[in-house]
Amino acid sequence: MNIRLKLFWGLFVLSTNEVSSHITLTNETTGLEEGVFTRNAVDYFDPGNGGSSCLWDFSDLNILSEAHLVSQCIDSLGLITVTDESQITYYIMREDSLLEVGNETPLKETYYYNSPCSMIYPLAFEDAFSKDFEGYGIYCGDHFFKEKGFYYVVADGQGDILLSDTDTLKNVLRVYKLKSYSVAMDLNPSRIDSVEMKQVIEERYEWYVKGYCRPILESVTSTSYADLSPLGTTHYAYCSIPDSLKLNDYQQPDDNNYQEVPQDIIHYNVSIDGGSVDIEYSLDARANITMLISNQMGMIYSNRRFLQDAGTGYNAHFNISGLRSGVYVLYINVNGKVYHETIRK
C-alpha cells in the first residue's frame, strides 16, 4: 500500500494588525514569503499569564542551539510545503481556515482526510474554534496506523514581550493550541480498530508579532499514554527572533546546560462521587494550570485553565454525570509539570 502524499496546498499566510488596540491575525496583509527562515531551540519556559494587557518577561531565556533552517516552498499553483529539521508539514487554505492535511518524518507519513485546523482568519484576542480530525499513515514502511482526535485553538493573550533591558516587542498576540488524539497501529491495516491505542495530549503556545510571518516564540508540552497509562512527557521551545533583536547568547550544550525540568509546586487530592470529580489543591508558587478529562480516543469532555497565585483552599469541579461508564484520564498541567489520574465511572 503506497500512501505517498500527493497533496495540493494553499498559501499559508499570517499577519498581525492593530485595530482599536486589538491585534488581529489575517491571511491578507503579511504572508509567509517563499524562502528560508531561521529558528533556535531555547530553554523550555513557562508561558506566563493570558489576558488583554500582558507583559511577558522572557529576558532570561537561553538559546540552546545554533540556528537551524525552516524552508517554505510554493509551487506554480501557489501550493506550499514547510520543511524544518525534523519533518515536512503540508497545509491547505480553504476559505478562512488553514488546514494541516499531512506530514512526513524520517519514520512516518500521515495523511488527514478530516484535517486538523491550525488557524482561522481573522483571529483576534479571545477568538476560539475547535475541530475533530482523523487520518491514516505508515510507520517504518510497514506499520499502518490510524490517528483520530480533537483540536482546540484560542487567542488567549495580547500585550508586549520583554526580551532584554533594551528590546521589547510591542503588540503581541498569543495563541494557545490544545491537541488531543489517539493512535492505533498494526502490521495488518484491517486490525487497526481492534488494537491497543496510545494517546497524546499536546499543549502549544505561540506568540505572533505584526510584520513577522512566523511565531516568534513557541512553548510546547506533549504527554503520551498507552491505554491511558502515562508513558512520559516532553518539553521543547523555539524562538524565531528577528536579527535586529536577540535573547541571551547561544550556549554550547554540556553537562551543565540542559532543558530545565518544571518543578512540583502543586499538592492535590482527587475525589470521585458518582457523577462528580473534585480536585482540592494548594500551590507553592504562582501557576498556569490546565485540567481536562479525556477518553482513550483523545476526545476531551471538559477543559479548564487557571492562572492562580500561591495559596491553599483551591478547588476544581468536573461534572461527568453525562459520560458513559468507562475509564477516563484526568490530566493536570502545572507550569509544564504534568500529572495524571485515572477516572473510573
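If you read the sequence from its start, that first residue is 1, and numbering goes on from there. Any value given below was found using the heavy atoms of this structure, including those in side chains, with hydrogens, waters and symmetry copies removed. No experiment lies behind these values; they were computed from the predicted model shown.
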Item to check | Check: Asn103 main-chain N/O paired with Thr89 side-chain donor or acceptor under 3.5 Å | outcome: no

Checklist entry - Just checking, is any N or O donor in the side chain of Glu202 or Tyr181 under 3.5 Å from an acceptor N or O on the other one? => result no

Checklist entry - So do the side chains of Tyr281 and Met291 get within less than 4.5 Å of each other, counting heavy atoms only? => result yes

Item to check | Asn295/Leu323 under side-chain contact (heavy atoms from CB on, under 4.5 Å): CA gap, chis, key distance, verdict | outcome: CA-CA 10 Å; Asn295 70 358; Leu323 300 185; over 6 Å; no

Item to check | Listed partners of Asp57 passing side-chain contact (heavy atoms from CB on, under 4.5 Å), at least two apart | outcome: Ser59, Leu162

Item to check | Residue list, side-chain contact (heavy atoms from CB on, under 4.5 Å) with Ala310, at least two apart or on another chain | outcome: none

Checklist entry - When Phe45 is tested against each of Tyr236, Tyr205, Phe58, Tyr238 for ring-ring contact (aromatic ring centres under 6.0 Å, His included), which residue passes? => result Phe58

Item to check | Asp43 and Leu64: CA distance, side-chain angles, deciding distance, side-chain contact (heavy atoms from CB on, under 4.5 Å) verdict | outcome: CA-CA 7 Å; Asp43 275 323; Leu64 297 178; 3.6 Å; yes

Next on the checklist: Quick check for you: to the nearest 0.5 Å, what is the distance between Phe145 atom CZ and Ile138 atom CD1?
Outcome noted: 8.5 Å

Next on the checklist: With clusters defined by side-chain heavy atoms of hydrophobic residues (ILVMFWY) lying less than 4.5 Å apart, directly or transitively, does Val220 cluster with Leu231?
Outcome noted: no

Item to check | Beyond-backbone contact of Ile201 with Leu178, side-chain heavy atoms, under 4.5 angstrom | outcome: yes

Checklist entry - Is there a donor-acceptor pair under 3.5 Å between the side chain of Arg304 and the backbone N or O of His317? => result yes

Checklist entry - Within the distance-only criterion (no hydrogens, no angle test), does the side chain of Trp56 pair as donor or acceptor with the backbone N or O of Asn49 below 3.5 angstrom? => result yes

Checklist entry - Hey, are the side chains of Asp264 and Lys337 touching, using non-hydrogen atoms and a 4.5 Å cut-off? => result yes

Item to check | Pairwise distance CG(Leu292) to OG(Ser302) - rounded to 0.5 angstrom | outcome: 8.5 Å

Checklist entry - Which pairs pass ring-ring contact (aromatic ring centres under 6.0 Å, His included) with one or both residues in residues 324-345, sequence neighbours excluded? => result Tyr225-His340, Tyr268-Tyr339, Tyr301-Tyr328

Next on the checklist: Quick one: does any side-chain atom of Gln199 pair with a main-chain N or O of Gln296 as donor and acceptor, under 3.5 Å?
Outcome noted: yes

Checklist entry - What pairs of residues pass the salt bridge (Lys or Arg N to Asp or Glu O under 4.0 Å) test when at least one of them lies in residues 308-330, not counting sequence neighbours? => result Arg286-Asp309

Item to check | Other cluster members, Met197 - Ile/Leu/Val/Met/Phe/Trp/Tyr, side-chain contacts below 4.5 Å | outcome: Met297

Checklist outcome for this item: For Ala237 and Ser219, the nearest pair of non-hydrogen atoms, with its separation, is CB-CA, 4.2 Å

Item to check | Flag if over 12 foreign heavy atoms under 6.0 Å of OH, Tyr314 | outcome: yes

Checklist entry - Do any pairs count as a salt bridge (Lys or Arg N to Asp or Glu O under 4.0 Å) and have a residue in residues 173-191, sequence neighbours left out, and if so which ones? => result Asp156-Arg174, Lys177-Glu206, Asp186-Arg191

Checklist outcome for this item: Contacts of Ala128 meeting side-chain contact (heavy atoms from CB on, under 4.5 Å) (sequence neighbours excluded), chain-then-number -> Tyr152, Val154

Checklist entry - Under the salt bridge (Lys or Arg N to Asp or Glu O under 4.0 Å) test, which residues partner Glu218, sequence neighbours left out? => result Arg39, Arg204

Next on the checklist: Per the salt bridge (Lys or Arg N to Asp or Glu O under 4.0 Å) rule, what does the pair list look like for residues 116-139, sequence neighbours excluded?
Outcome noted: Glu134-Lys146

Next on the checklist: I need the minimum non-hydrogen distance between Gly298 and Phe150, along with the two atoms involved.
Outcome noted: O-CB, 4.2 Å

Next on the checklist: Run Leu217 and Val172 through side-chain contact (heavy atoms from CB on, under 4.5 Å) and show every step you take.
Outcome noted: CA-CA 11 Å; Leu217 287 166; Val172 180; over 6 Å; no

Checklist outcome for this item: Hits for salt bridge (Lys or Arg N to Asp or Glu O under 4.0 Å) against Lys170, two or more places apart or cross-chain, chain-then-number order -> Asp160

Item to check | Least distance between heavy atoms, Phe37 atom then Gln72 atom | outcome: CE1-CB, 4.2 Å

Next on the checklist: Could you work out, with side-chain contact (heavy atoms from CB on, under 4.5 Å) as the rule, every residue matching Ser229, not counting sequence neighbours?
Outcome noted: none

Next on the checklist: Within the structure provided, determine whether His267 and Asp284 are in side-chain contact (heavy-atom separation under 4.5 Å).
Outcome noted: yes

Checklist entry - Is a donor on one side and an acceptor on the other found under 3.5 Å between the side chain of Asp84 and the backbone of Val70? => result no

Checklist entry - Taking the side chain as C-beta and beyond, is there a heavy-atom pair between Thr38 and Leu69 under 4.5 Å? => result yes

Next on the checklist: Rounded to the nearest 0.5 Å, what separates atom CD1 in Ile216 from atom OG in Ser240?
Outcome noted: 8.5 Å

Checklist entry - Mind checking whether Val153 and Ser118 have side chains closer than 4.5 Å, heavy atoms only? => result no

Item to check | Phe133-Met299 co-clustered via ILVMFWY side chain contacts under 4.5 Å | outcome: no

Next on the checklist: Ignoring hydrogens, what is the shortest heavy-atom contact between Ser115 and Val101? Give both atom names and the distance.
Outcome noted: OG-CG1, 3.2 Å

Checklist outcome for this item: Closest non-hydrogen atoms of Ser224 and Val200, given as atom of the first, atom of the second and distance, are OG-CG2, 4.1 Å

Next on the checklist: According to salt bridge (Lys or Arg N to Asp or Glu O under 4.0 Å), who are the partners of Glu196, at least two apart in sequence or on a separate chain?
Outcome noted: none

Next on the checklist: For a side-chain contact (heavy atoms from CB on, under 4.5 Å) check, start with the C-alpha distance between Leu228 and Thr342, then their side-chain angles and the critical distance, and finish with the verdict.
Outcome noted: CA-CA 8 Å; Leu228 297 183; Thr342 300; 5.6 Å; no

Item to check | Nearest-0.5 Å distance that lies between atom CG in Asn40 and atom CG in Asn62 | outcome: 12.0 Å

Next on the checklist: What I want to check is whether the side chains of Thr290 and Glu203 have a donor and an acceptor closer together than 3.5 Å.
Outcome noted: yes

Checklist entry - Of all heavy-atom pairs between Ile320 and Ser276, which one has the smallest distance, and what is that distance? => result CG1-N, 4.2 Å

Checklist entry - Going hydrophobic residue to hydrophobic residue with side-chain gaps under 4.5 angstrom, can you get from Met119 over to Phe125? => result yes

Checklist entry - Is there a path from Leu330 to Val334 through hydrophobic residues (I, L, V, M, F, W, Y) whose side chains come within less than 4.5 Å of each other? => result yes

Item to check | Under 3.5 Å: donor-acceptor pair, side chain of Thr105, backbone of Leu107 | outcome: yes

Item to check | In one Ile/Leu/Val/Met/Phe/Trp/Tyr side-chain cluster, 4.5 Å: Leu283, Ile332 | outcome: yes

